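All figures in this text were calculated on a predicted structure; none of them were measured in a lab. Numbers here simply count residues along the sequence, with the first being 1.
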Amino acid sequence: MSLRDYLAIIAPSQRDLRNLSRKEAYRAFDAILGRTESDATVAAFLVSLRAKGATVDELAGFAQ
């Protein structure tokens, strides 16, 4: 999955908004650190995550 797919999960405009699993959060952050996504996509993901609020599982996945 690309970062855009994870963005679609956490975007505030989605009716089926849900939290990322620990594994999904790990993969999303891996894409960010791997510089495989555009700056605009990374910014949109981070802003959406901030608006939604990060969970413990998401933070653990990012830190992993």
Side-chain angles (χ1 to χ4, degrees):
M1 289 179 81
S2 72
L3 191 59
R4 286 183 185 207
D5 296 325
Y6 296 120
L7 176 59
I9 294 170
I10 65 168
S13 63
Q14 301 299 322
R15 283 192 228 202
D16 55 347
L17 172 75
R18 69 171 177 86
N19 297 322
L20 296 174
S21 69
R22 186 180 225 172
K23 190 174 194 178
E24 289 171 331
Y26 172 80
R27 289 181 178 163
F29 209 64
D30 189 49
I32 292 170
L33 294 179
R35 304 286 299 159
T36 60
E37 302 291 339
S38 70
D39 290 342
T41 303
V42 172
F45 177 82
L46 295 175
V47 168
S48 293
L49 183 66
R50 174 66 175 112
K52 179 189 77 63
T55 65
V56 172
D57 277 344
E58 290 169 337
L59 293 175
F62 296 149
Q64 189 178 359

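- Arg22 places a side-chain heavy atom less than 4.5 Å from the side chain of Gln64.
- Closest non-hydrogen pair, Leu7 versus Ser48, comes out as CD1-OG, 3.4 Å.
- One distance of note links CD1 of Ile10 with CG of Asp5; it measures 12.0 Å at 0.5 Å rounding.
- In this structure a side-chain-to-backbone donor-acceptor pair under 3.5 Å is missing from Glu58 to Ala25.
- Within a 6.0 Å sphere centred on CZ of Arg50, heavy atoms belonging to other residues, nucleotides or ligands number 12 at most.
- Of all heavy-atom pairs between Ala11 and Leu17, the closest is O-CD1, 3.6 Å.
- Relative ring orientation between Phe29 and Phe62 is described as tilted, the plane-to-plane angle lying within the 30° to 60° band.
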Margin query: Checking Glu24 against Arg18 for the side-chain contact (heavy atoms from CB on, under 4.5 Å) test, could you report, in this order, the C-alpha distance in whole Å, the side-chain angles of both residues, the deciding distance, and whether it holds?
Written below: CA-CA 12 Å; Glu24 289 171 331; Arg18 69 171 177 86; 2.8 Å; yes
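- Smallest separation of non-hydrogen atoms from Ile9 and Leu20: CG2-CD2, 4.0 Å.
- Under the 4.5 Å side-chain heavy-atom criterion for Ile, Leu, Val, Met, Phe, Trp and Tyr, Ile32 and Val47 are members of distinct hydrophobic clusters.
- Among all heavy-atom pairs drawn from Glu37 and Leu3, the shortest one is OE2-N, 3.3 Å.
- Residues Leu33 and Tyr6 are members of one and the same hydrophobic cluster, defined by side-chain heavy-atom contacts under 4.5 angstrom among Ile, Leu, Val, Met, Phe, Trp and Tyr.
- Between Asn19 and Lys52 the shortest side-chain heavy-atom distance falls below 4.5 Å.
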